[in-house]
Amino acid sequence: MSRRLSEFSDRVYWLVCQIPTGLVATYGQIATYAGSPRAARAVGNLMKRSLEIDREVPWHRVINAKGAISFKGDTARAELQRRLLEAEGISFDDSGRCDLETHRWQPREVFWYD
DNA sequence: TTAGTGACTGCAT
DNA sequence: CATGCAGCCACTA
């Protein structure tokens, strides 16, 4: 595992920790801020893994580009994520999507990579 | 080193 | 709108 790769995951976890309560970010957003605009899928993998390793990361605040919760088979986990978000004031419509225009996290700081 | 995987995404249908 | 699908890429075995 190269240094560059581990830096990516570290950035991802750090960024997710920056998302304040009540706001959400998409996998694509995190990937972009972490330096790899097209690694949204990889971000999803990291979020899934953050559950296994005991790391204090607000993984529930990361959703897909449609404003919906992504899951593959793990219904319980998806429901938990939805409850956590609703507890933070985020509501979902009938199709299970929230309003990204309203709740999307906009980082004020500037991130850079080398 | 290589091949397989998936909590993604945007565009086509 | 909802589905399907190819492209993408960090991570793993």
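In what follows, chains are A, B, ... by sequence order, proteins preceding strands, each numbered from 1.
Nearest nucleotide to the side chain of A/Ser95, out of C/dA2, C/dC9, B/dT9: C/dA2.
Look at CG on A/Leu46: it is 12 Å from C1' on B/dC8, rounded to the nearest Å. Computed from coordinates, the A/Asn45 CG to B/dG4 P distance equals 17 Å when rounded to whole Å. The interatomic distance linking A/Arg41 (CZ) with C/dC5 (P) rounds to 14 Å, in whole Å. Atom P of nucleotide B/dA7 and atom CD1 of A/Ile30 are separated by 17 Å, given to the nearest angstrom. B/dT5 atom C1' lies 14 Å from atom CD of A/Glu52, rounded to whole Å. Atom pair A/Phe8:CZ and C/dC8:C1' shows a separation of 11 Å (rounding to whole Å applied). Between A/Leu84 atom CG and B/dA7 atom P there is a gap of 18 Å when expressed in whole angstrom units. In this structure, A/Tyr33 places its OH atom 16 Å from C1' of B/dC8, rounding to the nearest Å.
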Please tabulate, one pair per line, each protein N/O and nucleotide N/O from nucleotides 11-13 of chain B that are separated by under 3.5 Å, including the distance.
none

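The closest donor-acceptor contact from the side chain of A/Gln81 to the backbone of A/His60 lies under 3.5 Å. Between the side chain of A/Tyr13 and the main chain of A/Leu46, a donor-acceptor pair closer than 3.5 Å is present.
Between A/Ser36 and the phosphate of C/dA10, there is a side-chain N or O to OP1/OP2 separation shorter than 4.0 Å. Using a 4.0 Å cut-off, some side-chain N or O of A/Ser9 falls inside it from OP1 or OP2 of C/dC11.
No hydrogens or angles were tested; on distance alone, nothing pairs the side chain of A/Arg49 with the base of B/dG6 as donor and acceptor under 3.5 Å.
Between A/Ala68 and A/Ile63, the shortest heavy-atom contact is O-CB, 3.3 Å. Scanning both residues, A/Ala39 and A/Phe8, for their nearest heavy atoms gives CB-CZ, 3.9 Å.
Listed by chain and residue number, A/Asp93, A/Arg97 satisfy the side-chain contact (heavy atoms from CB on, under 4.5 Å) test with A/Ser95 (two or more places apart in sequence, or in another chain). A/Asp74 is linked by a side-chain hydrogen bond (donor to acceptor under 3.5 Å, both in side chains) to nothing, counting only residues two or more places apart in sequence or in another chain.
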- Item | Derivation and outcome, side-chain hydrogen bond (donor to acceptor under 3.5 Å, both in side chains), residues A/Arg104 and A/Gln29 | CA-CA 10 Å; A/Arg104 188 194 289 276; A/Gln29 261 184 280; 3.0 Å; yes
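Within the 4.0 angstrom heavy-atom criterion, base atoms lie near A/Tyr27.
Between A/Arg97 and A/Arg38, the residue anchored closer to the 5' end of DNA chain C is A/Arg97, taking for each the nucleotide with the nearest heavy atom.
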